[in-house]
Each structure stands twice: as C-alpha cells, then as structure tokens.
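Only one structure is covered here, and it is reproduced in the block below.
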Number of protein chains: 2
Amino acid sequence: MPEQPVRARLVDVAERAGVSKATVSKVLNGRQDLSVRPETRRRVHEAAEALGYRPHSGARALAGASTHVLALLVPALGNPTYVTIARGVYQRARQLGYLSLLAEDFDGQEADESFNDLVQEGRVDGLLVASARPGHPLLDTLSRSPVPHVFLNRAVAGSGRNVTMDVARSSVTALDHLHGLGHRAVGHIAGPPGITPSEVRKEAFLRHADALGLDAAPVASGDFTEDGGGFAARELLRPTDGGERPPVTAVYTSSLAQAIGAMAAIRELGLRIPEDVSVIGNDDLPVAAHLHPPLTTVAMPLYELGTAAVDALVATIESAPVGDVVVPTEPRLVLRGSTARPPGPGVTP
Amino acid sequence: MPEQPVRARLVDVAERAGVSKATVSKVLNGRQDLSVRPETRRRVHEAAEALGYRPHSGARALAGASTHVLALLVPALGNPTYVTIARGVYQRARQLGYLSLLAEDFDGQEADESFNDLVQEGRVDGLLVASARPGHPLLDTLSRSPVPHVFLNRAVAGSGRNVTMDVARSSVTALDHLHGLGHRAVGHIAGPPGITPSEVRKEAFLRHADALGLDAAPVASGDFTEDGGGFAARELLRPTDGGERPPVTAVYTSSLAQAIGAMAAIRELGLRIPEDVSVIGNDDLPVAAHLHPPLTTVAMPLYELGTAAVDALVATIESAPVGDVVVPTEPRLVLRGSTARPPGPGVTP
DNA sequence: AAGTTCGAGTCAACCGGTTTCCTCGGACGG
DNA sequence: CCGTCCGAGGAAACCGGTTGACTCGAACTT
C-alpha cells in the first residue's frame, strides 16, 4: 500500500531526494531566487509525491510564511444569502490553496473579539468582512491594523477595499419589469437603515421610479427577515385617507426572506398574489421556486461575490491590491408567478 | 492607549513577570504537574493580561500541543438544517476555546481530500462528520486513522462515536398528531436510502403506523430537497386502482425542504392544504412559519445536536471518549396551519 | 548532623518548516 | 595561468511555544 504510516517531514523528502532541507523548501515553494537544475527539481518533486508530503501548517506559519487561511465574517448564517456567498468563498479559496474559516457575527461584539484573536494568534492571513455596519467596532480595529482585509456585500465608503454587486441595477431591473406589466404605484421594502446595499437599492429605486414617472413609490424599512418583510408590507398596504384600495399594486423587497414575509402578510390582509398585489424579491434561492405562488426574483450574483472577494483578498495578501471591485455579472430577472398585471380599475380586457 | 504595538510573546510575559518561559507556559496552560506559588501565578497572569498576550497558534501546534481547531463536515450548506447544526457547533466550540472550520462535502470526494489535508497538515485536533454515508471514502480513511472524530446526525453503526437525536421519536410524534386528528391513511416521504436518520425515521414510521393500526402507510423516497419532496408527494398521492381519491389524507416528510416541495406538488394536483391533505414536516426553521399555509412541524434539537457533538469530540480529544450519545431534548410538535382533520366521506358534523 | 524529600522553578532540547548567508567547483576573461 | 564570477546547493539560525529532566534551597527525618 502506498500510504505512509507516519507523516513525512521536510527532512524525509530531502533525504530521499538526496538534497538539503533548504533546497526542498525552495523548490516546493517555487521560489526563483535560487537556481536549481531541472533534474534536481524533478527528484524533489518525485520524493515529495512518493512520500505524500504535506507541510505542517503550524511550522510554516511559525517560520514566518503564511498560514493560507482566510476568515469570513457574516452577519447571519441563518440567511441563505450569506450561505451562498460563503460557498463561493470556500470554493474559490480552496482553488487558490487557501482554507476559509467561517464566523458568524451575532452581536457585533463577537466579531471584534473573535477576529482579533484570529489575527493575533497568527491563524489567518486575511479577513473577508461581510458584516460591516457603520460604527461596527471591527472597522476601527481593522483600519489601524495591517492585516489584509476586504469588505464584501456591505461596503465601507472610502476604504478602497470593497467588493460589491451592481445593487442599483437590481432595483432598475425589478422596476422595469413591474412598470412593463403596467404597475404605476410600487412600494419598496428596504433593509435596515445605514447598511450599504440596502441604502443603494433604495436610492436606485427612488431614482428610477422618478425616471419612469410612477404615481407612487413609497418605501418602508424592516429587518432582512420574514417578520421584517411582513411588518413593512402591512405599512405599505395600509389604505391611506379613507380610500379602500391599497396604495400600491406591487411590492419590491430587498431580500428573499422579506418577500416571504410580505407574501404572508399580504394574504392575511385578504389580498391575492399576484391578482391584487405583485411581489418581487431580491436573491434567487431554491426556495423561491417552491413558494405559493412561485416568487419572481432578481437573481444577484452571490456566489460570484464570494469568489471575487477571495480574489481581491488574495491579491491584497500578495501585495497587489486591486481597489474597489464590482462583480461584473448583472442582476438577472427570474420570472415566476408572483408578478402580474395590476388589477385594472374595473377593467377586464 | 493600552494596545501593544506588536504581538507579545511568551518571553515578553516571562520577562515582565520575572520568571522563565517554562513557568509561564505551564501556568497559563493550567498544568498541575508543576507547583507554583499563588503569588507567582498571579504575577504571570497579570503580566499576560497587561501585555494582551495571545499564544501563537502555529508555534503551539508545532510544539506538539493541540491546535484548538475542529473541523465540521456537512453534506450541503444550502440545507438550513446543517446551518443550524453548524451554529451550535461553532458556538459551543468557542465556549470551550476551540475554533471550528466548516467544510462542505459536495461530492464525497472533496471531503476525503480536504480532511486528509486538514489532518495531515496538523491544522485540526478533531473532526465532526455530519455527512457520513455508507461507502463514503472518508469512513475508511478515518477508521484507520488515529485522529479523534465523531459522527453526528448520520450515524455509523458500531463506531461508538455517534451523536444523534431521537429521530424515531419524531415519527411517533408526527403520527400521533395526525392520528389524533383522525387520519387513518398517512404517507411518508423519506430521504434517500442508506442514510441513517432517514432509515430510522422510516422504520419508526412503519412500526408506529402498525401499532396505531393505520389503514395505509405508504412510503416514497426522495432527496432532502424541494424537488425530492415534490416527486415523492406525487407518487404518494397518485390514485391507485381507478379510485379517484388520493390514497392518503396526510403526508409526513423527512425534511423541511421536502415539505415545501410536497406542498407545491399537492397544490399542483388541485388539492387543498390542509382541507384535502395535511402536511407535516421535520425540522422547525423560521421559514416554516411563513409558508402558505404555515407549516406544522416536528422541531428537532438541531442546535443542541451541534453542541453535544462538540462536547463529545472534545471529550474524545482529551482522551475521555464518551461513546454513542443521544441528545436528550425530545422532538417537539409545532402546531401550525398545514394539518387538520381529514376530509370526511361527506361527513360534516 | 547528615541524608532525604519536597516545593518551586529553570534549562535546554525539541517541533518542522523558511530564509539568509555561505561555500564550492567549474567556466570564463585577461 | 590566475583571479573572478556564476550556477547550484548547503549550513545553521530562527520562528514561539511545550516538556521532561534537572537544580537548588529549605524543611523534615532519623
């Protein structure tokens, strides 16, 4: 059997190849500050292969080289959006020879401590921060720290380290769709204030609603959860000044969970989807297709956001920082059953 | 400001406390093979505190001590069930001073490689395997390897390292509920064959259906996904031998996603939930409450499964293995709108 | 009073890599 | 023919902890 009973070490490889530790190290790390005969190089690789050599990560980290570990901080793992991002991060990291550590930022405090530890203990080479929020303690820590890091999804203005998606475009896509169906009064359920993608999405919504000349474009804010969406939906649909029809015929939400909550709330108000109210949400995740009715969404390139963030971070680590990055893939409309033409004022063509 | 500009090392602490490196190391690691005066102990702790000392993980691992890192392998991160487990693992690990690494086992191959690397590179102290499956390459690797590990959720018979929930009980709870409502023909949507929780749930279902004397208890298998649930539901509801009523009045699914898919399929068949068919699923996750109708579920102690698995693994690492463990929390019925009395044969009391 | 034991630490060898500075022999230039 | 340069690789220090063996003085025994 080709298995080694015990870990092979660098010396073992060196011995088998008939060279010194130093040479093996340099060859295996592909350093070009040393000239080696192709023949020697081959022998080293062969020996390493034959012994199934894996460098001990601790020793490596200790000797000043990198750990090849990245850490990703997300605000909520319960949110499938972040899970998708995390998968992108994980897979791309592995492709590049890195490992990724996943941490959840329950209360904002946790993050700061946990990341400090990670960095101080020399466990990670870099940080991917998806949970930036104004005033977050970590931001301050990071800004005065030399550890490589990027912000993804939630941008930090002026950091020059943001990796984001074309969030503004998603609002345009959603509105164009609803406008094309004939909607003239569309409400938006935004995320909590102060969070970049939420703010950007809201502003783009308002700007484009204006450009399209909509009659009404009210906005309500709520958490990115089902309940947040439910409350906001009730707010948007409460009939104003004695009228008996809801003030909007369609709702565009900032997250998928909000859309689910909004749908439940809309039905509880005795309205039908999509006959009375159309609903369109952001982020196309598997569950969207199986809701009742199936939810029309704007698919955001979440997975790619993850991979792009890793690319940016690794570039930073290798001292070739790339500045702010916007993932090139555009948001894509996924048409399903939750959007339709608005109820005509008695008109049934 | 109390921040140190540069990492404090063990020697720095030793110097400040006026003792040797060895003493500091032993004191901070709480080893009792050394007697130290309380006074000295205090000085050491003070010095460490003052300097904000964090041991370098690489150095520590290299010196033969543990890395204090655990790795968790899950079959699919897209499945919120595993995310919940992962949270339990992550938090309990941190409480015990460990870090947890999350890996996704996309194809079964990945896992084996990735875990081998992790272990070979001395990155982790132990493994939490939630994706065991008969014939999984990792099982073989693990059985001949000295690395501490436990299997959670999916048990490996005879390993003496299983951490599981009372899955059989969940079938009993679900069936009792349906039986109490008057259902006499209940279908079960099981997971893929060969996977322990799925098998156990199925067998418990059949056994208890027998004990209750149900008229019919057909079983269909499908992936743990929405689509898997959808296909299986169609199979269960296909009218047999020319009858026009579906052969069952209720469906009990092995996963939440399956329940969502089943609900969609049931509606596509022109049946109402819960008037025509009741649906009850396993695992109570937030989305269940916001479905249409809100889904009745059996809540499994997933988070605790994660914490219990960490406890068991850490015990194993500290050479006090605990054998098979069953999480004590019992499955709990969460009553919502997807279950009701079966349609009477024309009887409306 | 001398030997022994015990408490309280210290010494120094490791762990497995990385990296800096050398060495050594042959080719080449003058 | 001798000095120099260069290609190819080696020696050893070092990274920051951990650990078992060892020391040293005081107390305890007999």
Side-chain angles (χ1 to χ4, degrees), chain A residues 4 6-45 47-48 51-69 97 117 119-123 125, chain B residues 4 6-45 47-48 51-69 97 117 119-123 125:
Chain A
Q4 292 312 116
V6 54
R7 291 194 69 247
R9 292 153 317 165
L10 189 61
V11 269
D12 301 325
V13 177
E15 209 163 295
R16 191 176 224 265
V19 296
S20 73
K21 283 171 40 170
T23 306
V24 175
S25 174
K26 287 167 185 165
V27 166
L28 292 183
N29 289 316
R31 305 192 40 137
Q32 58 265 54
D33 62 341
L34 172 74
S35 49
V36 199
R37 271 178 303 160
E39 152 68 9
T40 309
R41 189 180 304 278
R42 196 186 49 69
R43 280 215 319 284
V44 169
H45 279 121
L51 295 170
Y53 172 66
R54 314 253 97 205
H56 186 283
S57 67
R60 199 174 227 182
L62 183 53
S66 63
T67 62
H68 276 220
V69 175
D117 288 4
V119 173
Q120 294 283 319
E121 292 172 6
R123 289 190 189 276
D125 290 349
Chain B
Q4 293 310 117
V6 53
R7 291 195 69 247
R9 294 153 315 164
L10 190 61
V11 271
D12 301 326
V13 178
E15 209 163 295
R16 192 176 223 265
V19 296
S20 72
K21 283 173 34 170
T23 306
V24 175
S25 174
K26 287 168 183 165
V27 166
L28 292 183
N29 289 315
R31 304 190 43 134
Q32 56 264 57
D33 63 340
L34 173 75
S35 50
V36 198
R37 270 178 303 160
E39 150 69 10
T40 309
R41 189 180 303 278
R42 195 185 51 69
R43 280 214 320 281
V44 169
H45 280 120
L51 295 169
Y53 171 66
R54 313 254 100 204
H56 186 283
S57 67
R60 200 174 227 184
L62 182 53
S66 62
T67 61
H68 276 220
V69 175
D117 287 5
V119 173
Q120 294 283 318
E121 291 171 7
R123 288 190 189 276
D125 290 350

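First the proteins, then the strands, lettered A, B, ... as listed; each starts at 1. Values below: every heavy atom of this structure, side chains too, minus hydrogens, waters and symmetry copies.
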Quickly work out the Arg123(A) CZ to dG16(D) P distance and round it to whole Å.
16 Å
Thr67(B) versus Arg60(B): any side-chain heavy-atom pair under 4.5 Å?
no
5'-most contact on DNA chain C (nearest-nucleotide basis), Asn29(A) vs Gly64(B), goes to Gly64(B)
Report yes if at least one side-chain N or O of Arg9(B) is closer than 4.0 Å to OP1 or OP2 of dG16(D); otherwise report no.
yes
Is any side-chain N or O of Lys21(B) under 3.5 Å from a base N or O of dG9(C), one able to act as donor and the other as acceptor?
no
Is Thr40(A) near enough to dA8(D) that one of its side-chain N or O atoms lies under 4.0 angstrom from OP1 or OP2?
no
Spacing of OG1 belonging to Thr40(A) relative to NE2 belonging to His45(A), to within rounding of 0.5 Å:
12.0 Å
Point-to-point distance, once rounded to the nearest 0.5 Å, from CZ of Arg7(B) to OH of Tyr53(B)
7.5 Å
Residue Leu62(A), side-chain heavy atoms: nucleotide from dT18(C), dG10(D), dG16(C) that is nearest:
dG16(C)
Rounded to the nearest 0.5 Å, how far does CG of Leu10(B) lie from CD of Glu15(B)?
11.5 Å
Where the side chain of Ala22(A) is defined as all heavy atoms beyond and including C-beta, which of dA11(D), dA8(D), dG16(C) is the nearest nucleotide?
dA11(D)
Ser20(A) OG to Lys26(A) NZ distance, which is reported to the nearest 0.5 Å
7.5 Å
Using the rule given for salt bridge (charged side-chain N to carboxylate O under 4.0 Å, His left out), can you reason through Arg123(B) versus Glu121(B), listing the C-alpha separation, both sets of side-chain angles and the distance that settles it, and then say yes or no?
CA-CA 5 Å; Arg123(B) 288 190 189 276; Glu121(B) 291 171 7; 2.8 Å; yes
When rounded to whole Å, the CZ to P distance for the pair Arg41(B) and dG7(C) reads 14 Å
Terminal helix-axis angle for the helix from dA1(C)-dT30(D) to dG30(C)-dC1(D), with five pairs defining each axis and rounding to 10 degrees:
60°
Please name the residue in the list Arg37(A), Arg42(A), Arg41(A) that meets the side-chain hydrogen bond (donor to acceptor under 3.5 Å, both in side chains) test with Glu39(A).
Arg42(A)
Arg60(B) CZ to dC14(C) C1', straight-line distance once rounded to whole Å
17 Å
Expressed in angstrom and rounded to an integer, what is the separation of Arg7(B) atom CZ from dG16(D) atom C1'?
8 Å
Find the distance Arg31(A):CZ to dT19(C):C1' and express it as a whole number of Å.
7 Å
Give the rounded distance in Å between these two atoms: NE2 of His68(A) and P of dG16(C).
20 Å
For dT10(C), does either OP1 or OP2 sit under 4.0 Å from a side-chain N or O belonging to Thr23(B)?
yes
Between dG17(C), dG16(D), dT19(D), which nucleotide has the shortest distance from any of its atoms to the side chain of Leu10(A)?
dG17(C)
Given dG9(C), dT18(D), dG16(C), the nucleotide with the shortest approach to the side chain of His56(A)
dG16(C)
Side chain of Ser35(B): nearest nucleotide among dT19(C), dA8(C), dG16(C)?
dA8(C)
Of Ser20(B) and Tyr53(A), the one whose closest nucleotide on DNA chain C sits nearer the 5' end is Ser20(B)
Regarding the side chain of Pro55(A), the nearest nucleotide among dT18(D), dG17(C), dG9(D) is dG17(C)
In this structure, how many angstroms lie between the P atom of dT10(C) and the CZ atom of Arg37(B), rounded?
10 Å
To check you understand the geometry: which heavy-atom pair defines the closest contact between Val24(B) and Ala14(B), and what is its length?
CG2-CA, 3.5 Å
Heavy-atom donor-acceptor pair, Lys26(B) side-chain to dG20(D) base, under 3.5 Å
yes
